[in-house]
Protein chains: 2
Amino acid sequence: MAVTGPDANPEAQTRDLPASKERLRMWLRMLKSTRRVEAALRERLRRDFATTLPRFDVMAALARYEDGLKMSALSGVLRVSNGNVTGIVDRLAEEGLVVRVQVPGDRRASLVRLTRKGQEVFAQQARAHEAWIGELLEDFTPEEARMFSDRFDAVTHKDEEDPA
Amino acid sequence: MAVTGPDANPEAQTRDLPASKERLRMWLRMLKSTRRVEAALRERLRRDFATTLPRFDVMAALARYEDGLKMSALSGVLRVSNGNVTGIVDRLAEEGLVVRVQVPGDRRASLVRLTRKGQEVFAQQARAHEAWIGELLEDFTPEEARMFSDRFDAVTHKDEEDPA
DNA sequence: CGAATATATTTCAAGCTCAAACCTTTTTTG
DNA sequence: CAAAAAAGGTTTGAGCTTGAAATATATTCG
């Protein structure tokens with residue numbers, strides 16, 4: 001706990017708030033920024049590709065693991081509930097973008113994989129997505145972006161998922 | 001557009017990626033961090049207060065505007081669709097945490113306000129919330145948190161909502 | 001004034017999300 | 001081996017979310 005007491009600095013400057021207030025402020029700003037970018041992405045994915053952010057997220061995860069992912073691994077990577085992924089994969093499968101492949105030795109599990117069509121569709125979306133992010137975060141220099149990445153990583157790496 | 005060309009730096013270091021890749025990386029980290037904190041908040045709000053993040057968000061907005069907010073202003077502040085707020089306010093009203101007050105001169109609009117009970121309930125939740133954020137973001141020093149706040153603000157302030 | 005337009009909000013359908021309950025299959029262990 | 005426990009997934013119920021359509025009231029302007 002690197003939390004300094006509520007009044008570690010009695011001679012506080014005008015705008016010097018206690019640590020918890022500063023962090024709260026940061027959180028609110030961070031949340032607002034994230035929502036703004038998410039909203040823009042969602043709108044553009046809908047407009048240009050008639051898809052949604054969760055679908056994009058699932059496809060992105062599958063694109064990173066070419067051998068496919070089990071449902072549980074998928075929900076682990078995306079950090080959403082397993083019941084959640086079921087529905088999204090169902091819909092993607094209906095459209096022929098992903099397939100569920102039976103795992104040889106285990107009749108419970110199935111491996112989800114992008115179809116060829118899924119790969120092609122995702123490649124287009126990913127290109128657009130990268131460009132959109134580049135634009136939405138254009139106020140951040142590459143160096144600054146790298147610094148932010150690294151700092152966020154510290155928070156994120158407190159416990160991590162890394163499926164086979 | 002402060003976007004340098006894809007190969008502005010031909011002598012790139014090992015880990016020096018083009019701007020759009022750096023920003024993409026930053027975005028993914030930022031999203032992951034945000035989701036992690038949101039998940040923790042959601043879980044704790046449920047466990048300790050039997051409430052949800054959207055409900056907390058609505059109450060937080062109303063707490064900031066003591067004179068109440070119109071539905072449209074509320075959805076503007078929270079940056080969610082107006083149809084969305086309707087349902088959340090409905091449920092909060094059922095529990096007596098907020099009220100809809102008729103606006104004198106306009107029979108279309110109504111002002112949403114925290115009830116006394118709502119104020120009391122929210123005060124407790126807000127205290128816990130601030131402590132949770134302080135803990136979840138303990139890796140960030142107050143100075144760092146301030147810096148992040150300011151940088152995010154730049155992105156956020158591209159267009160802003162500020163209701164009466 | 002009255003028609004067109006704009007504003008405030010709700011309703012709706014579809015999809016996302018979670019936690020909990022529930023199957024089924026596998027693994028553990030008494 | 002058989003019972004118990006664990007693991008992989010799906011279903012369910014409630015709530016959140018969006019964009020679009022619907023409703024009702026206000027305002028504009030011809």
Which sits closer to the 5' end of DNA chain D, B:Arg91 or A:Glu43, going by the nucleotide each is nearest to? B:Arg91

Students often get this wrong, so: under 4.0 angstrom with heavy atoms, is B:Leu53 touching a base, only sugar-phosphate, or nothing? nothing

Is any NZ, NE, NH1 or NH2 atom of the basic residue among A:Glu135 and A:Arg44 found under 4.0 Å from an Asp or Glu carboxylate oxygen of the other? yes

Would you say C:dC16 has OP1 or OP2 under 4.0 Å from some side-chain N or O of A:Thr52? yes

Could you check whether B:Arg55 gets within reach of a base, just the sugar-phosphate, or nothing at all, counting any heavy atom under 4.0 Å? sugar-phosphate

For D:dA24, take OP1 and OP2 only and decide whether either is under 4.0 Å from a side-chain N or O of B:Arg107. no

Taking for each residue the nucleotide of DNA chain C with the nearest heavy atom, is it A:Ser81 or B:Gly87 whose nucleotide lies nearer the 5' end? B:Gly87

Which pairs, protein N/O on one side and nucleotides 20-23 of chain C N/O on the other, fall under 3.5 Å?
none

Under 6.0 Å between ring centres: does that hold for A:Phe122 and A:Phe49? no

Sole candidate of A:Arg36, A:Arg29, A:Lys32 that passes salt bridge (charged side-chain N to carboxylate O under 4.0 Å, His left out) when paired with B:Asp153: A:Arg29

With respect to the phosphate group of C:dT10, does any side-chain polar atom (N or O) of B:Arg100 fall under 4.0 Å of OP1 or OP2? yes

What do you reckon, is CD of B:Gln102 surrounded by more than 12 foreign heavy atoms closer than 6.0 Å? yes

Report, one pair per line, the protein and nucleotides 3-8 of chain D atoms (nitrogen or oxygen only) whose separation is under 3.5 Å.
from: D:dA7; atom 1: N3; to: A:Arg108; atom 2: NH1; distance (Å): 2.9

So, is A:Asn84 close to the C:dC18 phosphate, meaning a side-chain N or O under 4.0 Å from OP1 or OP2? yes

Is the CZ atom of A:Arg47 crowded by more than 12 outside heavy atoms at less than 6.0 Å? yes

